[in-house]
Amino acid sequence: MKNAFERKGGRDLEAGRRLAFCLLVCASFVLIFIFNVLTPMMTDDLFYSKTVSEASSIGELFTQEYTQYMTWTGRSLSHMILRFFLLMDKMVFNVANSAVFVLLTLLIYWNVEHKKRYDVPVYLLVNLLIWMFGVVFRQTVLWETGACNYLWGSVIIMGFVTLYRYGLKRADSLKHPLLWTALLPVSGVAAGWCNENSSGGGLLMVLLCLGFFLYDRKRGTAGAAAVDVAEEEKQPGAVEKRSGFAARLWMVTGLLGNLVGLAFMVLAPGNAVRAQAQPEEEHSGLVGYLARFQKITLAVRENFLLLLIIGLLLFIIVYYQKKSWRALWACSRNGILWFFVFVATCCALVLTPEPQARAYFGAGVFLTVAVVQFFVDVSEKEAVFASLKTGLISVMLLIMFFTYMDSGADLGRIWREYNERDAYLARKAAEGAEDVTVPMLRPDFETKYSDGYNSDIEEDPGYWVNVAYATYYGLNSVSGVPREGWTEY
């Protein structure tokens, strides 16, 4: 009777966790959706939207992207996603982008090992880390052009890595291996064709997982390729049948697909054209690469210092709990591998003279997986460490609450001023005006979750943002003036 009550209590506890987890996923969608709605179209959105509006068919959209592939960038997949969204109302993008953001948080969660089923604190921590430490969040998650390049690209990369790792862990009991062999390369090509350094990081993680899978098999340990024992017992001989080369051909085809996608992006003729347009560097040769590495070091400090500190403290706690490097490796290999991929993804930017800050977004995703893994690996047997983990999440949640409320109010104010200005420009264009003056944003509304000020117009009509507005609305020029004293609306 006691066992029956214990089983019922366990089921009730898991049902409660499942409900809380689902509610948290829904809350994650709602919170990011609000910020998506309050983010207007800006800068490159206007240029691309104007270009897309000139296409008379889907085929012409692909022709436009082919031209860009040959003359500017190889990130064709991300830009095709953007072009299709710009054909539709912005609200469609708001919904889809919010769903993809939630998918990113889930992919990070799924790549963390040793967690409980429906682990609410872990999923909450994932969300908090992305919101608080996501690199240039306003550009990589909320800005339409940036989100298609970085958020969507990271999701595609993480999706492929997650599928590959899932297959490795169930290599001997994987259903429909031929289907995996045919479809995983498609996911691999997409993951390789997203973002130069992040796609390379995804490929590196897949290679590491495959390497350790083969190493563990050679040593006869379960490792990353845990066998489904129950399935073995039900179907004797099935494992032997599936464990041959044909059953694991997907490991090769998926990897090759990833390499092909990366090659298509990196070898795009447009990359060479854009490289020629880069300003000449002060140093060349070995000194030039050292200068680039120094810039990477400064960027890592700027974007990840606090997150690295949190991860380092958690890692040290795990080390002292495990009492040896061997035990630490056995427990936290997953976190160490993700951290290594983070470092490699950042260092890969040494090949670029002046990488944008948002180029570190994918690396930040990899680091987030590592930090959350170290968080999970900290044992809660001692009350002090259980309190520490709960306290960390509680403090971050409190900070994020006030940040979200304050930033949300500022986003609303910026959204209102953008909408007023857009309506005014549209009206003037309809009236046949050629040179239009509009107000710049009021000061004091700036927030880390809006790129509005960075993308604001200036007084000079030749400024590239002013040119974007003039092109979008079909005007000869657009000039900006301070908001104070503006009386037209």
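Keep in mind that the numbers below use all heavy atoms, side chains included, and drop hydrogens, waters and symmetry copies.
Shown are E54, E65, E144; of these, the salt bridge (charged side-chain N to carboxylate O under 4.0 Å, His left out) with R83 is made only by E65. Each of F29, W415, W143, W131 was compared with F35 under the ring-ring contact (aromatic ring centres under 6.0 Å, His included) criterion, and only W131 meets it.
In this structure, the separation between CE on M132 and NZ on K448 is 7.0 Å, given to the nearest 0.5 Å. One distance of note links CG of L129 with CG of L367; it measures 8.5 Å at 0.5 Å rounding. Going from atom CZ of R274 over to atom OG1 of T73 covers 4.5 Å, rounded to the nearest 0.5 Å. Rounded to the nearest 0.5 angstrom, I156 CD1 and C194 SG are separated by 4.0 Å. Taking CG of L313 as the start and CG of L392 as the end, the distance is 9.5 Å to the nearest 0.5 Å. Taking CG of D44 as the reference point, atom CD of Q139 lies at 10.0 Å (rounded to 0.5 Å).
S198 is not listed as a side-chain neighbour of F361, based on a closest heavy-atom distance of 4.5 Å or more. Taking 4.5 Å as the limit, some side-chain heavy atom of F342 sits within range of a side-chain heavy atom of V300. V369 places none of its side-chain heavy atoms less than 4.5 Å from the side chain of V341. The closest side-chain heavy-atom distance from F21 to V25 is below 4.5 Å. Side-chain contact check for F84 versus I58: some heavy-atom pair is nearer than 4.5 Å. At a threshold of 4.5 Å between non-hydrogen side-chain atoms, the residues L87 and L61 count as touching. Here the side chains of L107 and V155 are in contact, with some heavy-atom distance below 4.5 Å. Looking at heavy atoms from C-beta onward, L184 lies in side-chain contact with F160 at the 4.5 angstrom threshold.
Taking the six-membered ring where tryptophan is involved, the planes of F366 and W338 are tilted, since the angle between them lies from 30° to 60°. Below 30°, between 30° and 60°, or above 60°: for F47 and W464 the angle between ring planes is below 30°, a parallel geometry. Between W250 and Y164, the ring planes lie perpendicular to each other; the angle is over 60°, past the 30° to 60° tilted range.
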* Might you work through the ring pair (Phe, Tyr, Trp, His ring centres under 6.0 Å) test for W72 and Y69, ending with a clear yes or no? => CA-CA 6 Å; W72 189 246; Y69 179 83; over 10 Å; no

* For V365 and I157, what are the C-alpha separation, side-chain angles and deciding distance, and is it a side-chain contact (heavy atoms from CB on, under 4.5 Å)? -> CA-CA 11 Å; V365 171; I157 294 165; over 6 Å; no

* Steps toward side-chain contact (heavy atoms from CB on, under 4.5 Å) verdict (E459, V481) -> CA-CA 6 Å; E459 295 183 16; V481 295; 5.7 Å; no

* To do: For Q64 and T51, run side-chain contact (heavy atoms from CB on, under 4.5 Å): C-alpha distance rounded to whole Å, both residues' side-chain angles, the deciding distance at 0.1 Å, then the answer.
  => CA-CA 8 Å; Q64 290 177 356; T51 303; 3.6 Å; yes

* So R421 and D456, salt bridge (charged side-chain N to carboxylate O under 4.0 Å, His left out) or not? Walk me through it. -> CA-CA 11 Å; R421 188 163 65 194; D456 197 17; 2.9 Å; yes

* Evaluate side-chain contact (heavy atoms from CB on, under 4.5 Å) for V260 paired with F264, printing each intermediate quantity in order. => CA-CA 6 Å; V260 168; F264 269 115; 3.5 Å; yes

* **Residue pair Y48, H79: steps toward the ring pair (Phe, Tyr, Trp, His ring centres under 6.0 Å) verdict** => CA-CA 9 Å; Y48 280 113; H79 283 95; 5.5 Å; yes

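W152 and F101 have their aromatic ring centers separated by at least 6.0 angstrom.
No side-chain donor-acceptor contact under 3.5 Å links Y449 to the backbone of D410. With hydrogens and angles ignored, the 3.5 Å screen pairs no side-chain donor or acceptor of N271 with any backbone N or O of L267. Panel note: side chain D406, backbone F402; no donor-acceptor pair is recorded below 3.5 Å. The main-chain N or O of D377 is never found under 3.5 Å from a side-chain atom of K115 such that the two would form a donor-acceptor pair. Here the side chain of S57 pairs a donor or acceptor atom with the backbone of E60 at under 3.5 angstrom. The main-chain N or O of I32 is found under 3.5 Å from a side-chain atom of N36 such that the two form a donor-acceptor pair. In terms of modelled atom types and a separation under 3.5 Å, the side chain of S199 and the main chain of A191 share a donor-acceptor contact. A side-chain donor-acceptor contact under 3.5 Å links Y418 to the backbone of G452. Put simply, the side chain of Q373 gets close to the backbone of E113: a donor and an acceptor are under 3.5 Å apart. One N or O on the side chain of Y404 and one on the backbone of L31 form a donor-acceptor pair closer than 3.5 Å.
The side chain to side chain contact (heavy atoms under 4.5 Å, CB included) check on R138 picks up V136, D451, with sequence neighbours excluded.
The pair R75-E196 meets the salt-bridge criterion, with a side-chain N (NZ, NE, NH1 or NH2) lying under 4.0 Å from an Asp/Glu carboxylate O.
Of all the heavy atoms in I81 and C148, the pair that sits closest is CG2-SG, 4.0 Å. Closest non-hydrogen pair, T140 versus V135, comes out as OG1-O, 2.8 Å. Looking at every heavy atom in both residues, K295 comes nearest to P353 through NZ-O, 4.2 Å. F374 approaches G311 most closely through the heavy-atom pair CD1-O, 3.8 Å. Residues Y472 and S49 approach most closely at CE1-OG, 3.5 Å, considering heavy atoms. Summarising the geometry of S154 relative to G362, their closest heavy-atom pair is OG-CA, 3.9 Å, with the distance given to 0.1 Å.
Between the side chains of T162 and N111, at least one donor N or O sits under 3.5 Å from an acceptor N or O.
For the pair K389 and F375, the cation-pi test (distance below 6.0 Å, angle within 45°) is passed. For the pair K428 and Y473, the NZ or CZ position fails the cation-pi test of under 6.0 Å to the six-membered ring centre and within 45 degrees of the ring normal. A cation-pi arrangement is not found for R358 relative to Y150, the charged atom failing to lie both closer than 6.0 Å to the ring centre and inside a 45° cone about the ring normal. Under the 6.0 Å distance and 45° angle rule, R427 does not count as a cation-pi partner of Y424.
Counted within 6.0 Å of OH on Y453, heavy atoms from surrounding residues, nucleotides or ligands total more than 12; the atom is thus considered enclosed. Around the CE atom of M405, the shell of radius 6.0 Å holds no more than 12 heavy atoms that belong to other residues, nucleotides or ligands.
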Less than 3.5 Å apart, which donor and acceptor atoms pair up between the side chains of residues 434-444 and the rest of the protein, not counting sequence neighbours?
residue: D435; atom: OD1; partner: N476; partner atom: ND2; Å: 2.8
residue: D435; atom: OD1; partner: S477; partner atom: OG; Å: 2.5
residue: R442; atom: NH1; partner: E417; partner atom: OE2; Å: 2.3

